[in-house]
Amino acid sequence: MNKNKNFKWGVTISAAQTEGAYDKDGKGFSIWDTFTQKRYKIKDRSNARIATDFYHKYKEDIDCAVDIGLQIFRFSISWARILPEGFGKINSKGIEFYNKVIDYCLEVGIEPWITTYHWDLPQKLQDKGGWCNRDVVDWYATYVAILRDNYADRVKYWILINEGIVCMGAGYFLGVHAPGKRGIDNFLSSVHHILLAQAEGFRVLKEKEGLQVGTALSCTKIEAYRNTNADQKAVNRIDALMNRLFIEPHLGMGYPHEDLPILKRIPKYYKEEDLETLKVDFDFLGIQTYTRQIVKSAWYVPYLGVMQVKPKKRNVETSIMGWETYPEGTQYFLERFSTYNPEKPLWLSECGIALSDKEDDQKRIDYYKKVIDLTKSVMDKGINVKGILLWTLVDNFEWAEGYIPKFGIISLNRNTLQRQMKKSAIWLKKYIKE
Ligand code: BGC
């Protein structure tokens, strides 16, 4: 597919994981700035105050992406850098920073893509309830309109919400990510609101002609531990939660509550017209998949009635994240999601593997080789896959795991902030140019 001129290679990064400069030039606090103050919440007790210092090193990183031969540079915008209070007064220095990033991309010949939300809500909005407060729909739509008015003249591709299920599940149900909220009410209300917000954001962006607007979905293959009815039902529940909840309401299919009955509680947060409002016709879907989960029915687990059978117990290869290494998921989900609407382009908008400092980077090369082969086989079936974006460029702040897992094809010396291409970056450069 590197011979296919229409197939594109790119990379994805996110603001909270890379920018640093957490209080510079008028930026407000995000929920991650607050969350990392509780040091015990992060495995290595670190924070993202400096991260990879993308705020100052963006040119170097973009140059590097270009040098490797990548054609797309997907980055996210920090809402609190644009609107320190979440709404109201615009921070011109924040606007200027992303203008510089976009202009530099265009200058050196790489296409900038924007993610509007990659998990870093302004703390001021969290103080008002964050995603659990329905007002967030208007706050988000206003923020997206500001991004559109400032950047849509040069940026054609937009991703609205990155992996809604992960940020709501980890942040508002399990409490292991910012803002550290727990409980079913927090979860269900935040899910409904972020989906409504995404739908409004879509309409706001589509007011401008010529934009391609999509979403990025976290996808995890779910399989049964035993060949029993109960385990198969458990699979259906978790599959509805992880792989359907963030797309089917947008496609007009409603919430998948038949398979996941707890979703029947969502109407508590409804207005009558909401199901209509949720419908949007995305221009493309971004598939992001890292692993597979094997589950069994467990009546004693509240709400879901499911337990995961951990990869370690199953004797399969795992990454330092503790996740089963499962590149096969790319093929499975590209095929599966193409059935929603075969006309719509699909992108692998993130894919990658985390290694430890001590592991040979050859593992990453092997992982990407498999992803490439599987993607080719999907395309051979006529499925409309447009490109692959890697996760990620430079080793960065991996949320609650701190800096321990290394997802980058470029390493970072955290003392000097020097970057160095890993074997995988050198291999990729050769592969893309061949
Ligand atoms: C997220 C990234 C994250 C990566 C690895 C994706 O779910 O979009 O922010 O670092 O997975 O965990």
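These figures come from a predicted structure and were not determined experimentally. Positions are given from 1, in the same order as the sequence printed here. Note that ligands are numbered from 1 as they come in the structure, with each ligand's atoms numbered from 1 the same way.
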Report task. Using only heavy-atom distances, determine whether the side chains of Asn133 and His193 contain a donor-acceptor pair under 3.5 Å. Result -> no
Requested in this report: Give a yes or no on whether the backbone of Thr325 and the side-chain of Tyr290 come within a donor-acceptor separation of less than 3.5 Å.
Outcome: no
Query raised in the report: Do any N or O atoms from the side chain of Arg39 and from the backbone of Arg45 form a donor-acceptor pair under 3.5 angstrom?
Result: yes
Report task. With ring-ring contact (aromatic ring centres under 6.0 Å, His included) as the test, would you mind laying out the steps for Tyr58 and Phe75 before giving the verdict? Result -> CA-CA 11 Å; Tyr58 66 93; Phe75 62 95; 9.8 Å; no
Query raised in the report: So which bit of Trp323 gets within less than 4.0 Å of ligand 1, heavy atoms only: side chain, backbone, both or neither?
Result: side chain
Requested in this report: May I ask whether His118 places a heavy atom under 4.0 Å from ligand 1?
Outcome: yes
Report task. For Asn162 and ligand 1, answer yes if some heavy atom of the residue is under 4.0 Å from a ligand atom, otherwise no. Result -> yes
**Report entry** Near-ring test Trp32/Trp399, centroid separation under 6.0 angstrom
**Finding:** yes
Report summary line: Counting from 1 in the order shown, the ligand 1 atoms closer than 4.0 Å to a non-hydrogen atom of Glu398 are 3 (C), 5 (C), 10 (O), 12 (O)
Query raised in the report: Considering only heavy atoms of Trp399, which atoms of ligand 1 have at least one such atom less than 4.0 Å away?
Result: 2 (C), 3 (C), 9 (O), 10 (O)
Query raised in the report: Which residue holds the protein heavy atom closest to atom 1 (C) of ligand 1, what is that atom called, and what is the gap in Å?
Result: Glu350 OE1, 3.4 Å
Query raised in the report: Is it true that Lys93 and Glu96 make a salt bridge, defined as a side-chain N closer than 4.0 Å to a carboxylate O?
Result: no
Requested in this report: May I ask you to check whether Ser14 has an N/O atom sitting below 3.5 Å from an N/O atom of ligand 1?
Outcome: no
Requested in this report: Looking only at distances, please establish whether an N/O atom of ligand 1 is found under 3.5 Å from an N/O atom of Glu163.
Outcome: yes
